[in-house]
Each structure stands twice: as structure tokens, then as C-alpha cells.
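Structure, as C-alpha cells:
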Amino acid sequence: MDFSEELKTQTKDVHTSSDKLFNSVLSFALADQNVYRMAVYRFFHVYSLIEDKLEDLRHDCPSLQMIYFPTLFRANEFEDDVLYYYPEGMPTEISPALEKYKQNLESHTLEDPVNLIGYVQTMQLAILAGGNLLRPIIVRVLGLKERYPLGVKALDWPEGFSTSSAKKMYNQRINELELSREQKDRIISIKKEVFAMNNELIKEVTQSEESKATLMWFFKRVLCVIVLLLVTCYIAITLMR
């Protein structure tokens, strides 16, 4: 089995679980731009950490050099999105989940630079696969059409860029890597950790004070709708008597 396919099948369960969590909170996060921007800020740091580490290690690691594609880097675009959502200035807070992410990355790459593949492959393919699906939803819900691509630069690609071709080329390079069985197993294990850490970042956003306030507002709106429906039904039944 090709290594790219092995990475996919061996992490299928945790990937599916992560997708379900992400989809369940997306509509909630988009209900308030303040909540959504916290997620953008966190993933800006994730992509910055991974891309900076790839730049640092690739010169002495042939395997990392093989999957070095600057056209897939997203940190600069994420930074533009963060500055759009935070016109008052870039936040300086590093959350516990982000700090854990950083320590995890440092520990694994210190053990073996090849371990970085577990992070790079996961996050670059995620943006290639999900960017085109999420971008129109976010633009519509947050009312960004007139300002496009502001706010969604990280999910946007240059004209003529083919995400399907990029994924095909990426998987081909992954399959060409000369890795031992032990290295492959370690990368698969790290890929699972990456999904778990992404989940922690999402949970951190949904459990923030801003998120709780949005959730309360959301429930109040739902409650008002329910009350209005009940009152309407009561009036209709009364008039029919």
C-alpha cells in the first residue's frame, strides 16, 4: 500500500471524529465574528509553527525537502485574515492549547526531523481539501462578498491554481519518500496527535467567554422563536373556536 493511502486509512477514525466536531461548531462560530476570529488566530499560529519549522529543517533532511512546496504555505494569508478580524492589532495571547501544540512539535522534531511530515502533510492537505468548500460558506455567512478575499485569504488560491492537481502531486511525493517502517509508523501516530490537538484548539474557542456569550444569545433567539410559534398557534386555535 502506498504511504499516502496508508496515512489516510490508518487515521480515518480520528479524522472522521475531528470533521464531525469541526462541522458541529462551525455554524455556531460563524454566528459571531468575534468567536470565529479566535479560531483564525489559533490556526495562524499553527501554520506559522509548522512552516517555520519546515524552513529550518528541510536543508538537512531530504525527505522534508521533497515535500517543500512554498505555494502551499498559508501562514502569511492567515496573518492577513487575523489582521482583518483584529483591526485593533494582532493579539499577543498564546493559549494553553497552542502552547501544547508548540511543545509537541518541538519534541517530535527534536527526536527526528522526519516527524515533521505528520504535521505538514495533515495541515497542508486539510487546507487543500477544505478551503474551497468552506470559503463560500464563510463569505456568505459573514457578509464578506463585497470585501472578498479579505477575511478568507487563507482559504483562497491564485487564479489557475488546481487543488486537485496539487493534492495528486503531494501524494506522489509522499509515496516517493524513503522512510523506514519505524519512521512511517511514527508519522502515522503523530498525524493522529495533530487531529487531536486541532480538536483541542476548536474546543478552546467554543469554551471561551466570548463563545459562551454567543451561545446564550443563540439560545435566547431560539427561545424567542419557540415562544412566538406557541403564541401564534394559541391565537390560531382560539380564533377557530
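In this chain, residues are counted from 1 in sequence order. Values reported hereafter were calculated over all heavy atoms of this structure, with side chains retained and with hydrogens, waters and symmetry mates removed.
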Geometric class of the Tyr41/Phe44 ring pair [parallel <30°, tilted 30-60°, perpendicular >60°]: tilted
Run the ring-centre check on Tyr36 versus Tyr85 and record whether the distance is less than 6.0 Å. yes
Using a 6.0 Å distance limit plus a 45 degree cone around the ring axis, check whether Lys53 lies over the aromatic ring of Tyr119. no
Lys/Arg-Asp/Glu bridge criterion (N-O < 4.0 Å) met for Arg42, Glu99: no
Backbone N/O of Gly118 and side chain of Thr122: donor-acceptor pair under 3.5 Å: yes
N/O donor to acceptor pairs below 3.5 angstrom from side-chain atoms of residues 69-76, sequence neighbours left out:
residue : atom : partner : partner atom : Å
Arg74   : NH1  : Lys153  : O            : 3.4
Arg74   : NH1  : Ala154  : O            : 3.3
Arg74   : NH1  : Asp156  : O            : 2.7

Quick one: does any side-chain atom of Arg173 pair with a main-chain N or O of Ile67 as donor and acceptor, under 3.5 Å? no
Where the side chain of Asn175 meets the backbone of Phe3, is there a donor-acceptor pair that is under 3.5 Å apart? yes
Mind running side chain to side chain donor-acceptor pair (under 3.5 Å) on Arg147 and Tyr84 for me, showing each step along the way? CA-CA 10 Å; Arg147 302 170 185 174; Tyr84 171 78; 3.0 Å; yes
Listed pairs under 3.5 Å, donor-acceptor, residues 89-97 side chains, sequence neighbours left out:
residue : atom : partner : partner atom : Å
Ser95   : OG   : Leu98   : N            : 3.3
Ser95   : OG   : Glu204  : OE1          : 2.5
Ser95   : OG   : Glu204  : OE2          : 3.4

Quick one: pull up NZ in Lys191 and CG in Leu7 and give me the separation to the nearest 0.5 Å. 6.0 Å
Who are the salt bridge (Lys or Arg N to Asp or Glu O under 4.0 Å) partners of Glu6, not counting sequence neighbours? Arg181
Okay, side chain of Asn171, backbone of Ser4: is any donor-acceptor separation there less than 3.5 Å? no
